[in-house]
Amino acid sequence: MTLKFTGAKRGTELECKGWEQEAALRMLMNNLDPEVAEKPEDLIVYGGIGKAARNKEALDGIIRSLKSLEGDETLLIQSGKPVGIFKTHEHAPRVLLSNSVLVPKWADWENFHELDQKGLTMYGQMTAGSWIYIGTQGILQGTYETFSAVAKEHFGGSLKGTITLTAGLGGMGGAQPLAVTMNGGVVIAADSDQSRIEKRLETKYCDRLTHSFDEAVQWAEEAKAEGRPLSIGLVANAVDVLQEVLARKIKIDVLTDQTSAHDPLNGYFPHGMTVDEALQLKQDHPDLYVQKSKASMAEHVRCMIELQKRGTIVFDYGNNIRQVAKDEGVKDAFAFPGFVPAYIRPLFCEGKGPFRWAALSGDPADIHRTDELIKELFPENEALLRWIDMAHEHVAFQGLPARICWLGYGERVKMGLAINELVRTGELKAPVVIGRDHLDCGSVASPNRETEAMKDGSDAIGDWAVLNALVNTSAGASWVSFHHGGGVGMGYSLHSGMVVVADGTETAKKKLERVLVSDPGMGIIRHADAGYAEAQEFAKEHNVRIPMQE
Ligand code: NAD
């Protein structure tokens with residue numbers, strides 16, 4: 001089957017029978033836009049093998065189903081394949097998706113790969129299989145927020161005059177260079193695959209590329225001395241770079257990593273061999289590849305711990321590398337913290353998370369109008385206004401124009417309803433899709449990431465992610481997804497997502513009023529239940545009802 005990936009349709013002419021179905025179709029095709037997806041020809045969107053549909057036949061089936069779907073029907077997607085259509089009602093979701101979910105006892109990569117090879121499942125990552133990935137910008141604000149929290153906590157508010165070292169410039173990790181320079185710092189970001197760095201240069205997320213370790217260090221030290229922001233993509237294996245840094249005692253201020261370590265077979269290159277040698281080994285001896293990959297991660301984490309001992313600020317950036325190292329015998333693998341407990345949890349206690357929207361018109365002017373709307377609605381929020389100005393200046397749109405803003409409980413519904421109003425009055429040229437990452441305040445159970453070190457020890461309680469999907473379905477989101485294994489890999493996470501379409505109608509208004517309250521509200525109740533005083537106070541002030549705390 002030959003399918004052409006030319007991205008989403010734009011404009012106001014519909015291929016489907018309503019805007020919600022049309023939005024799902026456009027966002028699916030947007031996920032596979034060559035500007036957006038890492039490997040569209042394999043249906044891979046980002047994050048190792050995070051896919052938008054199981055295979056080309058299933059993709060074709062989804063497209064056909066969405067085109068014929070009525071406004072009172074619901075399409076069911078089982079790991080990237082359309083499996084049923086039922087009559088529901090106008091206020092129900094148009095699509096329900098479950099991706100990569102395995103019965104707990106079977107929930108590991110070995111079983112997953114076996115079932116994947118039999119064509120029975122697909123890895124959905126977080127926003128790949130749930131059709132709300134918006135390219136690297138999606139992660140940019142979160143990464144910017146994280147590095148600015150690092151700056152505030154350790155360097156007086158700015159990364160000026162500091163060097164950050166990281167690795168992995170893929171779909172998500174590619175946001176790191178720009179997030180560091182937006183905070184005024186210098187960054188060396190290693191990636192084994194030159195083409196990934198080139199992609200970041202094209203989209204202006206990274207300033208320079210080199211194959212030379214010496215050149216990267218020289219450029220970094222010059223920029224640091226001048227207090228000038230600079231991002232350098234170094235074509236190299238992360239472990240080789242770290243070993244060199246340690247051997248030569250180079251001063252690194254901040255260290256993290258965003259290789260796809262959650263997936264030792266498809267997401268990580270073992271050190272001590274070229275990329276071509278690694279790909280050959282993977283093809284010929286996948287088991288040996290996984291062994292070498294895990295051993296390499298153990299060495300990677302050992303180097304990170306050694307740099308921490310030498311005074312570098314080190315944190316895990318959500319790829320489960322510490323767990324693999326621990327399983328490989330690195331006893332103190334968790335010596336450095338995860339980024340959520342270290343920097344993000346206070347935001348989660350206010351229902352803040354990666355809220356985003358995309359303009360179905362395809363016209364950048366629609367997003368620029370919503371940028372203005374943010375300024376009109378939240379004039380007091382200086383950090384948000386700074387972000388909007390920086391995004392306007394630095395972010396090249398990939399696929400459908402889109403914007404991400406970390407908004408909290410109360411703010412999200414305010415913004416969603418205002419967008420719906422702009423669609424209704426025709427100020428925006430077409431409806432707008434409103435959604436979020438699964439990495440949010442009340443939608444994930446992931447003990448090595450979003451729910452690491454919860455105050456009451458509830459890190460591995462999965463009920464919250466299930467309840468999030470159920471309440472958003474009841475509230476009438478346009479599509480709702482429930483996934484397993486995103487971010488940190490099989491066996492380590494459960495999470496859900498939602499999207500609501502603002503098409504300017506009264507029905508959309510009602511859906512937005514419900515979903516954009518229940519969804520971030522889950523973050524408030526989850527953290528209040530776990531004993532966070534900030535969340536408990538926030539719930540009281542904003543009348544979020546929590547039966548056991550009333
Ligand atoms: P990706 O698969 O698109 O990119 C991974 C990159 O790492 C590739 O470019 C690859 O060439 C490179 N790489 C692999 N092994 C390497 C090595 N040893 N040395 C140097 N480069 C190497 O993945 P992505 O979407 O960028 O996600 C990266 C990781 O971050 C994933 O594990 C993902 O789950 C996690 N993640 C974290 C967050 C967060 O907010 N912290 C959010 C999303 C994803």
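Counting starts at 1 for both ligands and their atoms, following the listed order.
Applying the 4.0 Å criterion to heavy atoms of Q125 picks out, from ligand 1, the atoms 34 (O). Using a 4.0 Å cut-off to heavy atoms of G487, the atoms of ligand 1 that qualify are 32 (O), 33 (C), 34 (O). Every atom of ligand 1 is numbered from 1 in the order shown, and the set under 4.0 Å from a heavy atom of A238 is 17 (C), 19 (N), 20 (C). Every atom of ligand 1 with a heavy atom of S192 under 4.0 Å away is listed here by number and element: 16 (C), 17 (C), 19 (N), 20 (C), 21 (N), 22 (C). Contact atoms of ligand 1 toward G48: 1 (P), 2 (O), 23 (O) (distance under 4.0 Å to a heavy atom of the residue).
Considering backbone and side-chain atoms alike, H262 places an N or O below 3.5 Å from some N or O of ligand 1. Remark: ligand 1 and G171 share an N or O pair separated by less than 3.5 Å (distance only, no angle test). Considering both main-chain and side-chain atoms, G173 comes within under 3.5 Å of ligand 1 through a nitrogen or oxygen pair. Inclusion of S260 in the set of residues having an N or O under 3.5 Å from an N or O of ligand 1 is warranted. The shortest N or O to N or O distance between G174 and ligand 1 is not under 3.5 Å. At a 3.5 angstrom cut-off on N or O pairs, Q258 counts as close to ligand 1. Where the criterion is an N or O separation shorter than 3.5 Å, residue side chain and backbone included, I139 fails it with respect to ligand 1. At a 3.5 angstrom cut-off on N or O pairs, V488 does not count as close to ligand 1.
A donor and an acceptor atom, one from each side chain of D287 and Q291, are nowhere located under 3.5 Å apart. In the model, Q176 has a side-chain atom that pairs as donor or acceptor with a side-chain atom of T166 under 3.5 Å. For the 3.5 Å distance criterion, the side chains of S192 and H271 fail to qualify, holding no donor opposite an acceptor.
Taken from OG1 in T162 to CG in N183, the straight-line distance is 9.0 Å, to the nearest 0.5 Å.
Looking at atom 22 (C) of ligand 1, its nearest protein heavy atom turns out to be T259 CG2, 3.4 Å. Atom 35 (C) of ligand 1 has as its closest protein heavy atom G318 O, 3.6 Å. Taking atom 15 (N) of ligand 1 as the reference point, the nearest protein heavy-atom neighbour is F269 N, 2.9 Å. Protein heavy atom nearest atom 9 (O) of ligand 1, with residue, atom name and distance: D191 OD2, 2.6 Å. Of the protein's non-hydrogen atoms, G170 CA, 3.2 Å is the one closest to atom 4 (O) of ligand 1.
Salt-bridge annotation for D207 and R200: absent, with no side-chain N of the basic residue lying under 4.0 Å from a carboxylate O of the acidic one. Under 4.0 Å is where a charged nitrogen must lie from a carboxylate oxygen, and between K199 and E202 no such pair does. A salt bridge links D214 with R248: at least one charged nitrogen is closer than 4.0 Å to a carboxylate oxygen.
When the options L439, V239, D437 are ranked by their closest heavy atom to atom 40 (O) of ligand 1, first place goes to L439. In this comparison of R449, E299, M172, the heavy atom closest to atom 37 (C) of ligand 1 sits on R449. The heavy atom nearest to atom 14 (C) of ligand 1, out of those in G267, G168, A236, A278, is found in G267.
In this structure, M490 and L102 have side chains that are in contact, with non-hydrogen atoms separated by less than 4.5 Å. Counting heavy atoms from C-beta on, the side chains of I163 and V187 never come closer than 4.5 Å. Side-chain contact check for L178 versus H394: some heavy-atom pair is nearer than 4.5 Å.
Both cation-pi conditions hold for R208 and W219: the charged atom is under 6.0 angstrom from the six-membered ring centre and inside a 45 degree cone around its axis.
For residues 323-352, the salt bridge (charged side-chain N to carboxylate O under 4.0 Å, His left out) pairs, not counting sequence neighbours, are E350-K352. Note on residues 442-452: pairs passing salt bridge (charged side-chain N to carboxylate O under 4.0 Å, His left out), not counting sequence neighbours, are R322-E452.
In this structure, H271 does not count as a contact residue of ligand 1, since none of its heavy atoms falls inside 4.0 Å of the ligand.
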